[in-house]
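Basis for what follows: all heavy atoms, side chains included, without hydrogens, waters or symmetry-related copies. Letters A, B, ... mirror the listed sequences (proteins, then strands); counts begin at 1.
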Amino acid sequence: MRTARRWLPAAPLLLYLAVFFAYPSASVVVLALTDSLGAGFPSFESFRALADDALFWRALCLNVVLPILSVVLELAAGLALALLLAARFPGRQLIRAIVVLPFALPEIVFLIIMRFVFAPRGYANAALALAGIEPVDWLAPAQWLTLAVVICVDAWRVTPVVFLLLLAALSAIPEEVNQAARLDGGGAWARLRWITLPLLRPALIAAVLLRGLDALRMFATPLVLAGVEGAPVLSTYAFHQWSDYGNDAVAAAAAAVLAGLCVLLSLPLLRLSMLSVQPGSSAERQPR
Amino acid sequence: MMRNVSIAVLMLSSLIACGRSDDTLTVALALLPSELPVYRAVVADFERAHGLRVVVVPQQYADIRRALAAEARSGRAGTLDLIELDVYSLALAGRDARVLDEAMPELSTMQPDAVAAGRIDGLRFLPHRVTWQALIYNHAVLGQPPATWDELLAVARAHPHRIGLKGSRYEGLTCDVLPFVWAAGGSGDAFDDEGARAAFRFFAQLAPYLHPHSATFKEATIAEAMARGELVLHLNWPFAMSLYASQGLAPDTIRSAPLPRGPNTTATVLGGGYLAVPNSAPHPEQAIRLARFLIAPAAQQRLARELGWFSARADVAAGDDNELLRGFAALRARVRPRPERADYRRLSELWQRAFRRVVFEGADPDAVLNETARAWAERSV
């Protein structure tokens, strides 16, 4: 009775998890293990179909490569922008607003604008033509350039999240610390290397965790810009099987693989974030 | 106490009021929002004549297919009285649809091929609307459309990267592949017959001249590319001509024409929607009555006139007097249904993969077809 009473406050959360997480997840696994044309349940036919499909292996590979490169780019750009816009100068509020603008736009609106920019007769090629340069096929299927465009567009849209996180962390660093370093003769690079970056570590880890998990589920950017075959990832592959082939079981199998991949790759990130808040870590040493 | 009883009575009456009525038919059709008002007006004639209410639910074909399968699996009386399915999923859905009366008077005036596509162990599907692909070409650039495969290859060489095929992995690619296989005498469900080999050798010849985005083109994206002037020709459905007309590009610049003739013949793929009464339909008799009304001349003529649909009925004109659709009308006698088999999805997927390997990966056509034929035989066994 006492145990039941202790669990009671958690009941709504457990019910929520059971209805909206456990049941749908179990249904996806059952669907993935069902062969609608032949053996019924259980069957590994859907996973065999995945293994036979070269597009699936490309999607699996790119589902690791694209998020990593995108997050690295977002961190670099977000940090640079945060350092730049943390300084006081006239008009910085306006520039901050402009930097955040891509994230404020609805995703599909932003991506359609990007399609116009990178279309064969789009704005990017028009700009090249003005400079007397031959047009470039930015989104030709299965080219490295297409992948680079997808990564850059994805990073462009979500860098504001990283920028805002790091800007908030930067503004929490007391000015006295930098002043003391300056008095000791520390140059700009030394202050960044030995003071700013170590104090930003928890915010950087939070940004990697937040964006890393989100980037693993990348969907709209590769689909809208390059189509299923142009820059496949597991979510667009699952959508392709469901929508183009009506192949629900194979789509569920691809979704299950994506879920497994997300869990597998997020474990080191979660461990990193745990370590960063343990006693004695840099987060604990951060001035309050 | 009285208050509780009143609440219970109120709830029960609400439930009854919300429940399904015996004089209401629920119909799921693949309609565009713009088509719905016209369709409701057509159905209103049936409602007046039979004293029934018809609820038209616009859905996508894939969702209707899933709803049918779910209702069939549940084993209980369903909610859908009449549904529309896309022609290539009929074989898969056959076991969930009722066998209809073969002696329907409407069938005698319909295209035999279109009716035959609806027979899956008996007549289960009625052709609601039919459609097919034609060649869409830039008249301002080409003057005359290519009439044979040789002429098509000559156009490709003269305009490199400006001809397109829908090479994305989806059913639309099969609809581009099969007309070539049939035109060369192939059956469409054998990968190693002479027709398939001739068609794939031809694809290999065309490959270097295809638009570089062909590997990701679908109906809408290839139509957009043509509108932007990136293509001089491609294969597409009638909607593309309406699109170009709305953009002021057709019929002066862009026109439709029959598909080029292959070594044996000219052929195009039958598409469109078929009506079916689910096994689980709550009002099957009334649903059959509605289906017969919808394929009768009056309704079909109105749908053709007001929505531009093609009818399977020989007595309903198929755009013969419409300059935009002249190329489509000329192909009417050349329309063929896709192979009707429960494992069609797998067959179609293999055609797509074989095409993509030959055209986008430069693989040898004969080797790819031999390999595909072996894979097909193994899975069929």
Note: vs chain A, highest number of non-hydrogen pairs under 4.5 angstrom among B/Glu230, B/Gln60, B/Arg65, B/Arg66 is B/Arg66

Select one option (side chain, backbone, both, neither) describing which atoms of [X] are under 4.5 Å from chain A's heavy atoms.
X	value
B/Glu361	neither
B/Ala62	neither
B/Thr221	side chain

Heavy-atom pairs under 4.5 Å with chain B: which of A/Pro120, A/Ser243, A/Ala142 has the most? A/Pro120

N-O pairing of B/Arg169 and A/Asp53 below 4.0 Å: yes

What distance do [X] atom [atom1] and [Y] atom [atom2] have between them, rounded to the nearest 0.5 Å?
X	Y	atom1	atom2	answer
A/Asp244	B/Glu349	CG	CD	10.5 Å
B/His213	A/Glu229	NE2	CD	12.5 Å
A/Leu225	B/Thr216	CG	OG1	11.5 Å
A/Asp137	B/His211	CG	NE2	7.5 Å

With only heavy atoms counted, which part of A/Ala226 is less than 4.5 Å from chain B, the side chain, the backbone, both or neither? backbone

Is [X] atom [atom1] crowded by more than 12 heavy atoms from other residues, nucleotides or ligands, each under 6.0 Å away?
X	atom1	answer
A/Phe219	CZ	yes
A/Phe103	CZ	no
B/Phe239	CZ	yes

Closest heavy-atom pair and its distance - A/Pro141, B/Pro212: CD-O, 3.3 Å

